[in-house]
Structures are given as structure tokens and as C-alpha cells.
Amino acid sequence: MRRLTLAFLGLLLAGCTSSPLDTRVPQRFDLQGEWTLVAELSDSVAAQPRNPESLRRGALPRRRPRGGLAFVTHDFPSINARRMRIEQNRDSMGIEYDRGLYRDVSWGERERGLWRVVAGWNEEGQLVIRSRAADARAVETLSLEAEGERLRMHIKIDTEDENLDLTRVYERI
């Protein structure tokens, strides 16, 4: 019974923290074009901290993510992308990454493989992409800066094993 109560409270709190997203593209939010990584303004994937629980257990540092995080990072190519080409229209965007990967994001809610994805704009005018699978959650927040010539992507992924929290910055070329 206690487990059921805790699960219910967790779902209730998760529902309260996720504000609804607007699926209408703001007038000045144009991602269309080619983007290149600004390494000096971006977090390094290699420098990501381990899960605090693994630190308490005394686990050795890992060079590459394993377990749940390694599985889900494949679905988020922006983590390692140095270049992107984005096509955007009123109901979706397509992103081609430098490693030959492609991703389609539709505004609103949809299923993408194992993920339930919700994409739209928050009150601050940022594009937010929330992805949820059975054992992982991800939030990508995209903000345009420098009069639309700089794209800041904050990527947060939580799995049962590990977490990833990094920012990648791109400039339009």
C-alpha cells in the first residue's frame, strides 16, 4: 500500500510541475538553417558527473555512459552533434545531424519508438521537448539568443542508472 501511495504522489507531483506547452510557433522563433557547435560555450559530454548513488557505492568513473544512459543517448543526437541542419514549418521540424542521423519533432504530443514526446513553447518562449519512456525521462529546452543567430540547447536526461545534464550552444552559419 505504501508503494502505491508513493507512486501516486510521484505522478501527482510530476503532473503539477509540467506546465502545458503552446504548439503555435512564436513569430520570431525560426530554427531553419545550418548550425555549428560553439565548443567553448558548450558543456563537454565527457565531463558529466556520475549518478550520486554510484558515488556513494564507490563505483569507478566510466569513460563512456553505460546502462540506461548509453541506451537513451542514441535517441538524442544533439548530445554529440557538431553540426545540424534544421528545417522547420508550422507543425514540426526536421533535424539532420553531422553523423548522418535525422530526427523529426512534431509540435504537440506523439509516440516516437519507446518514447512519448510532447513538444511546444513555454511561457518564456523556449521550445521544450519532453520525452518519457518506461525507465527514462528527458527534457530538451531550446532558446534563441543573439537576435536568432545563437541556439542554446539544455539537455537533461534521467534514467534509473545515470543522469545527464548539459548545455550545447550552436551558431547559425
Side-chain angles (χ1 to χ4, degrees), residues 14-48 65 68-159 162-173:
C16 294
T17 60
S18 296
S19 58
L21 300 173
D22 190 346
T23 58
R24 294 171 297 178
V25 181
Q27 186 175 14
R28 299 188 55 120
F29 201 95
D30 180 15
L31 296 173
Q32 184 112 344
E34 298 206 25
W35 300 87
T36 186
L37 182 71
V38 182
E40 60 273 12
L41 298 177
S42 300
D43 294 335
S44 168
V45 178
Q48 287 300 302
L69 193 56
F71 174 71
V72 301
T73 55
H74 179 270
D75 290 334
F76 301 91
S78 55
I79 292 171
N80 293 307
R82 300 197 63 75
R83 294 175 76 91
M84 301 183 296
R85 187 171 74 178
I86 300 176
E87 296 175 346
Q88 176 184 326
N89 62 36
R90 63 182 173 83
D91 59 4
S92 67
M93 72 177 174
I95 309 168
E96 181 181 357
Y97 299 94
D98 56 356
R99 297 177 181 198
L101 298 172
Y102 185 84
R103 181 179 180 198
D104 182 45
V105 178
S106 298
W107 319 141
E109 187 173 338
R110 74 176 240 191
E111 298 285 329
R112 186 177 73 116
L114 301 173
W115 298 96
R116 173 168 297 282
V117 181
V118 178
W121 283 263
N122 64 15
E123 293 173 353
E124 290 82 35
Q126 301 166 317
L127 175 59
V128 178
I129 305 167
R130 296 180 186 135
S131 303
R132 182 179 297 218
D135 57 355
R137 287 177 176 64
V139 177
E140 300 164 88
T141 306
L142 287 70
S143 306
L144 282 173
E145 302 172 350
E147 298 183 21
E149 297 303 309
R150 181 175 292 151
L151 173 62
R152 181 174 303 273
M153 300 177 75
H154 181 242
I155 304 162
K156 184 171 178 10
I157 302 173
D158 296 321
T159 70
E162 299 175 274
N163 302 317
L164 179 78
D165 189 342
L166 76 148
T167 298
R168 308 288 275 170
V169 178
Y170 296 88
E171 286 187 349
R172 196 183 302 264
I173 55 174

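Starting from 1, each residue takes its place in the sequence as its number.
- Here Arg83 contributes atom CZ and Glu96 contributes atom CD; the two are 11.0 Å apart, rounded to the nearest 0.5 Å.
- Distance alone, capped at 3.5 Å, is enough to place a donor-acceptor pair between the Arg112 side chain and the Asp75 backbone.
- Within a 6.0 Å sphere centred on CZ of Arg24, other residues, nucleotides and ligands contribute 12 heavy atoms or fewer.
- At least one side-chain heavy atom of Trp107 sits under 4.5 Å from a side-chain heavy atom of Leu127.
- Side-chain atoms of Arg168 and Ile79, non-hydrogen and from C-beta on, never get closer than 4.5 Å to each other.
- Considering CE of Met93 and CD of Glu87, their distance stands at 12.0 Å, rounded to 0.5 Å.
- Within 6.0 Å of the CZ atom in Arg82, the count of heavy atoms belonging to other residues, nucleotides or ligands does not exceed 12.
- Between the side chain of Gln88 and the main chain of Phe29, a donor-acceptor pair closer than 3.5 Å is present.
- The heavy-atom pair separating Ile129 from Ala119 by the smallest distance is CG1-CB, 4.2 Å.
- For Asp43 (side chain) and Thr167 (main-chain N/O), a donor-acceptor pair under 3.5 Å exists by modelled atom type.
- Counting heavy atoms from C-beta outward, Val169 and Leu37 have side chains that stay 4.5 Å or more apart.
- Across Phe76 and Ile157, no two heavy atoms sit closer than the pair CD1-CD1, 3.8 Å.
- Counting all heavy atoms, side chain and backbone alike, Trp35 lies closest to Leu144 at CH2-CD2, 3.9 Å.
- At a threshold of 4.5 Å between non-hydrogen side-chain atoms, the residues Glu123 and Ser19 do not count as touching.
- Counting heavy-atom neighbours within 6.0 Å of Glu40 CD, excluding the residue itself, gives a total above 12.
- Closest approach of Pro77 to Leu101, counting heavy atoms only: CB-CD1, 3.8 Å.
- Between Glu140 and Ser78, the closest heavy-atom pair is OE1-OG, 3.9 Å.
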